[in-house]
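Heads up, the thing below is written out as structure tokens.
Only heavy atoms go into these numbers, but all of them, side chains included; no hydrogens, no water, no symmetry mates.
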Amino acid sequence: MDFDFQFAIISDLHIALPHTIWDHPKRFHLVELSIPALELALDRISQLDLDFLLLPGDLTQHGEPENHQWLQQRLSQLPYPVYVIPGNHDIPTQWGNETSISRAKFPTYYHQFGYRHSHQTDYTCELLPGVRLIALDSNEFDPEGKQLGYGYLNEAQFQWLEEVLATTSEPLRLVMIHHNVIEHLPDQSTHCLGKRYMLQNGPRLIKVLQEAGIHLLFTGHLHVQDIAQQGDLYEITTGSLVSYPHAYRTLRITSKLSEKTTVKIASHQIKTLPGWENLGEFSREWMGERSHPFMMRLLTEDPCYLTEEEAQKWVGSLRYFWADIAQGDTQFNFSHFPEPLRTYFESFSADPELGDNHRVIEF
């Protein structure tokens with residue numbers, strides 16, 4: 001079957017109307033620009049002949065009803081279909097509370113955006129002839145309704161997924177989920193700072209998808225531009241509009257009968273907004289100023305295990321470490337670091353033969 005279509009991915013919008021903003025002094029996210037950043041991204045992609053838009057979670061700041069309401073109204077004005085999935089910020093508690101919606105309410109807000117035929121928070125739909133989307137909710141809660149500190153798919157979800165895969169036959173099936181499934185950082189699935197961004201039972205999902213011939217998986221949550229691969233499964237994670245480098249993606253997929261499918265991935269950044277003329281520089285500094293506690297934990301915990309005194313010698317060199325990871329395609333050089341510290345931090349470098357922001361994939 002022939003394919004030639006294009007779509008966009010905007011992730012981790014963290015929409016926050018001004019009166020809802022949680023102004024925590026140590027927050028990493030510039031949620032006050034969530035709406036103008038989204039408007040600019042939508043204006044830019046409106047110049048393309050898009051077939052659809054994917055939003056892989058963290059649509060709102062903290063699941064506030066008014067932020068969900070604003071977003072669903074804005075999305076309803078777009079001339080192309082939009083498909084969403086909840087992130088951990090969208091349903092912070094299973095039953096909801098005075099400030100956030102419940103898990104059961106999420107599909108009612110996004111009835112037009114994937115949930116037309118689903119009352120659960122997973123769904124599947126035909127995007128185009130021969131192209132299907134499978135959207136999975138990776139949030140899980142304890143018996144008291146408190147969100148777990150990692151992604152997880154329960155047994156009922158796996159049963160549903162396997163039924164969908166067994167009963168659909170589109171040549172191209174795309175999967176969207178909020179939490180990362182394949183590691184994008186060294187030891188991400190086991191490190192105390194990385195595993196909360198992962199789907200805990202990711203290996204099981206990978207096996208199911210590979211056996212079904214799925215090649216493309218779209219995620220968010222980590223706020224970085226990265227493409228990870230395991231076998232013939234590619235996970236494309238997209239950064240956030242409210243944190244450096246304020247990126248989103250556009251993709252074009254083409255295929256002709258008896259030929260390989262080609263996926264051309266392009267990335268774009270929002271570098272200026274009204275009142276934020278030097279947004280890129282400001283945002284990078286914002287992240288750098290708040291990086292010290294995070295970097296100290298990297299230095300003093302597994303696998304570095306430096307003392308606080310030793311860590312203080314090197315933490316200044318890591319001021320922009322997370323910002324450089326977030327922008328993708330970064331080659332790190334810490335030649336002034338002692339071994340094995342140098343080897344560890346340079347292992348976060350991107351593969352120079354591949355691309356995190358711009359890349360062509362064939363399968």
Side-chain angles (χ1 to χ4, degrees), residues 11-14 54-65 67-68 83-110 113-115 118-124 133-165 174-185 187-209 212 214 217-223 228 230 233 235 237-238 240:
S11 193
D12 294 74
L13 287 62
H14 292 274
L54 299 182
L55 306 180
D58 278 1
L59 311 176
T60 60
Q61 176 185 223
H62 288 296
E64 302 86 353
N67 289 333
H68 281 297
Y83 302 94
V84 310
I85 202 71
N88 57 300
H89 278 258
D90 297 317
I91 40 177
T93 65
Q94 185 168 7
W95 317 118
N97 55 33
E98 64 278 4
T99 61
S100 63
I101 69 170
S102 67
R103 185 182 214 171
K105 282 286 187 182
F106 186 88
T108 67
Y109 281 90
Y110 299 99
F113 311 108
Y115 291 96
S118 178
H119 298 292
Q120 64 188 46
T121 46
D122 308 306
Y123 65 88
T124 184
L133 175 67
I134 301 170
L136 298 167
D137 175 12
S138 52
N139 293 296
E140 190 56 274
F141 304 85
D142 67 18
E144 285 71 47
K146 182 180 179 181
Q147 194 177 85
L148 301 181
Y150 47 80
Y152 189 82
L153 296 182
N154 60 41
E155 199 61 38
Q157 289 177 289
F158 272 108
Q159 291 177 4
W160 175 85
L161 172 61
E162 289 172 353
E163 181 179 349
V164 168
L165 293 172
L174 313 177
V175 176
M176 178 169 65
I177 186 171
H178 184 60
H179 289 79
N180 298 157
V181 181
I182 303 173
E183 289 185 326
H184 294 271
L185 304 171
D187 302 317
Q188 185 183 347
S189 62
T190 56
H191 195 281
C192 60
L193 296 177
K195 61 185 179 182
R196 67 192 179 101
Y197 294 98
M198 297 289 297
L199 189 75
Q200 189 188 62
N201 48 358
R204 180 179 176 183
L205 178 59
I206 291 169
K207 184 174 185 292
V208 169
L209 297 182
I214 305 296
L217 176 63
F218 303 104
T219 67
H221 195 31
L222 191 59
H223 288 213
Q230 186 162 328
L233 178 65
E235 180 178 320
T237 194
T238 301
S240 170

For Ser102, what residues pass the side-chain contact (heavy atoms from CB on, under 4.5 Å) criterion, not counting sequence neighbours? Ala104, Lys105
Less than 4.5 Å apart, any side-chain heavy atom of Tyr150 and any of Gln200? yes
4.5 Å side-chain heavy-atom contact, Ile214 and Leu165: yes
d(Ile85 CD1, Asp58 CG) to nearest 0.5 Å is 12.0 Å
Report yes if some heavy atom in the side chain of Ser189 is under 4.5 Å from a heavy atom in the side chain of Glu183; otherwise report no. yes
Close side-chain approach of Val181 and Leu209, heavy atoms under 4.5 Å: no
Gap between atom NE2 of His89 and atom CG of Leu59 - 0.5 Å precision: 11.5 Å
Val164 and Asp122: CA distance, side-chain angles, deciding distance, side-chain contact (heavy atoms from CB on, under 4.5 Å) verdict: CA-CA 11 Å; Val164 168; Asp122 308 306; over 6 Å; no
If I compare all heavy atoms of Pro65 with all of Thr99, which pair ends up nearest, and what's the gap? CD-O, 3.5 Å
Work out which heavy atom in His68 is nearest to a heavy atom in Phe106; give both atom names and the distance. CE1-CE1, 3.9 Å
Ignoring hydrogens, what is the shortest heavy-atom contact between Tyr83 and Gly114? Give both atom names and the distance. CD2-CA, 3.9 Å
For the pair Trp160 and Leu136, evaluate side-chain contact (heavy atoms from CB on, under 4.5 Å) and give the outcome as yes or no after the intermediate values. CA-CA 10 Å; Trp160 175 85; Leu136 298 167; 3.7 Å; yes
Check for a donor-acceptor pair, side chain of Tyr115 on one end and backbone N or O of Thr121 on the other, with a separation under 3.5 Å. yes
I need the minimum non-hydrogen distance between Gln230 and Ile206, along with the two atoms involved. OE1-CD1, 3.6 Å
Note: His221 and Asp12 closest approach over all heavy atoms is N-OD1, 3.0 Å
Counting C-beta onward and ignoring hydrogens, is there a side-chain heavy-atom pair between Tyr197 and Thr219 closer than 4.5 Å? no
Ignoring hydrogens and geometry, is there a side-chain-to-backbone donor-acceptor pair from Glu235 to Ile182 under 3.5 Å? yes
Smallest separation among heavy atoms of Pro56 and Ser11, with atom names: CG-OG, 3.4 Å
Distance (rounded to the nearest 0.5 Å) between Leu222 CG and Gln188 CD: 5.5 Å
Quick one: CE on Met198 to CG on Leu185, what's the gap to the nearest 0.5 Å? 9.0 Å
When rounded to the nearest 0.5 angstrom, what is the spacing between CG in Asn88 and CG in Leu148? 11.5 Å
Pairwise side-chain contact, Ile91 with Ser100, heavy-atom cut-off 4.5 Å (strictly under): no
Flag, side chain of Thr237 to backbone of Gly220, donor-acceptor distance under 3.5 Å: yes
Using a cut-off of 6.0 Å, state whether more than 12 heavy atoms not belonging to Trp95 lie near its atom CH2. no
Leu54 and Thr238, any side-chain heavy atoms less than 4.5 Å apart: no
Sequence neighbours excluded, the answer for side-chain contact (heavy atoms from CB on, under 4.5 Å) partners of Asn154 is Glu140, Tyr152, Ala156, Gln157
Which residue in the set Arg103, Gln120, His178, His179 passes side-chain hydrogen bond (donor to acceptor under 3.5 Å, both in side chains) when paired with Asp137? Arg103
Is any side-chain heavy atom of Leu153 closer than 4.5 Å to a side-chain heavy atom of Arg204? no
Could you give the distance from NZ (Lys146) to OG1 (Thr93), rounded to the nearest 0.5 Å? 11.5 Å
